[in-house]
Number of protein chains: 2
Amino acid sequence: MQAVPPALERLIDDLTRLPGIGRKTATRLALYMLRRPAAESLGLAEDLSVLHSSIRLCAGCFTFSETDPCPICDDPKRNSRLVCVVEEPGDMIAVEKTGTFKGVYHILHGVLSPMDGIGPEELKIRELYQRITDGNLEEILLATSSTVPGEATASYLIDQLQRFSIRVTRLACGIPMGMDIKYADEHTLARAIDSRQFLQR
Amino acid sequence: MQAVPPALERLIDDLTRLPGIGRKTATRLALYMLRRPAAESLGLAEDLSVLHSSIRLCAGCFTFSETDPCPICDDPKRNSRLVCVVEEPGDMIAVEKTGTFKGVYHILHGVLSPMDGIGPEELKIRELYQRITDGNLEEILLATSSTVPGEATASYLIDQLQRFSIRVTRLACGIPMGMDIKYADEHTLARAIDSRQFLQR
């Protein structure tokens, strides 16, 4: 369309690829950036361009981090024998926000979803068994979301972890069913951690 | 917070500055970009970094454009004697989408808002008078939004334009009251253009 200059059109196209952003929102964001000082767009561009090069996966817990091991795995004050298993780095951020959890993490990078061809091999599940075999872990806290795939992943892990002699716990009820844990409020999530239930010990 | 690496935190901060994007949405977007190939972030960074340098204001209609005059002002098939006055470039994009309007534009870059210190001098209103004085214009179509400040700006212009012997029209009723024209559906907007009402001739 003549009304949209190509440089603006390209930016709108880029933004439309982001989740939850349609064409109207993308246009509104792009026009907003154009009205703001150039320094703001350049700052965002700079931060985007170094994003992938400055962030890697921690070899311990597989979270996104600028260092390996990540600050949490590297922190001697954290209980490295208590491992909280979450779906994604965003879930770890949500758990950290509660300030309740003093252990370390294990990021699965997804949930089991046979329909999408995502089985145990596609997730960091073998690496979880390896951590259990290698270290003297005490407890695995399963903190996958209470969605259908999150529950299915937890069930699979509960089943598989029976062959290790390790305590396995699950986040307590308290999270509304069907809610992604990223969006739970901090107090609900904190209570769910405090009252976690023993499944195997 | 330890859980969020600084490079990711900076990107989240940048995104939070955009309109309608809170901290949770910004975090979700940033984590999404991190999961996608680096090329996508670099592409967005590139398009952002050239945004301001490649786009300027058209000296004719004051829209954002890579060229001056813009493709619309420069198009001999457009009726340069019919000028559609809109608040912002986004409104011009909405009008263009209807495919109904064959004239040219004049972008005010805002609306009158005395409470925010925005008077006629802050908008491209003097430039509109200049266009009327300079050229042999036939008709001014006022296409400000049917919001309170949009209507106030239209009223002010209707009043001021009486001293020029020029036809002044306003978008027809058909747009729901209180709705920003950027968000009107294309058919409603097209009908509003077709049945525009004469205010002065």
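In what follows, chains carry the letters A, B, and so on, assigned in the order in which the sequence lines appear, proteins first and then strands, with residues in each chain numbered from 1.
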Requested in this report: Kindly indicate whether the side chain of L31(A), heavy atoms from C-beta on, has any atom under 4.5 Å from the side chain of E88(B).
Outcome: no
Query raised in the report: Quick one: CG on L44(B) to CZ on R10(A), what's the gap to the nearest 0.5 Å?
Result: 12.5 Å
Query raised in the report: Given a strict heavy-atom distance threshold of 4.5 Å, which part of P37(A) is in contact with chain B: side chain, backbone, both, or neither?
Result: backbone
Requested in this report: Taking heavy atoms only and a threshold strictly under 4.5 Å, list by residue number the residues of residues 14-26 of chain B that touch chain A; give 'none' if the list is empty.
Outcome: D14(B), L15(B), R17(B), L18(B), P19(B), I21(B), K24(B)
Query - Sidechain-backbone polar pair: H52(A) side chain, R35(B) backbone, donor-acceptor under 3.5 Å - result: no
Query - Option in E46(A), E66(A), R28(A) with maximal non-hydrogen atom pairs under 4.5 Å from chain B - result: E66(A)
Query raised in the report: Are any non-hydrogen side-chain atoms of L42(A) and L48(B) less than 4.5 angstrom apart?
Result: no
Query raised in the report: Is there a side-chain contact (heavy atoms from CB on, under 4.5 Å) between D47(A) and D13(B) once you walk through the steps?
Result: CA-CA 10 Å; D47(A) 291 339; D13(B) 283 344; over 6 Å; no
Requested in this report: Name the region of Y32(B), side chain, backbone, both or neither, that has any atom closer than 4.5 Å to a heavy atom of chain A.
Outcome: side chain
Requested in this report: Name the member of L29(A), L34(A), I55(A) that forms the most heavy-atom pairs with chain B at distances under 4.5 Å.
Outcome: L34(A)
Query raised in the report: Contact part of R36(B) toward chain A, heavy-atom cut-off under 4.5 Å: side chain, backbone, both or neither?
Result: backbone
Report summary line: Looking only at heavy atoms, the pair that brings A30(B) and L51(A) closest together is O-CD2, 4.4 Å
Query raised in the report: Can you tell which of S65(B), C70(B), P6(B) has the highest number of heavy-atom pairs within less than 4.5 Å of chain A?
Result: P6(B)
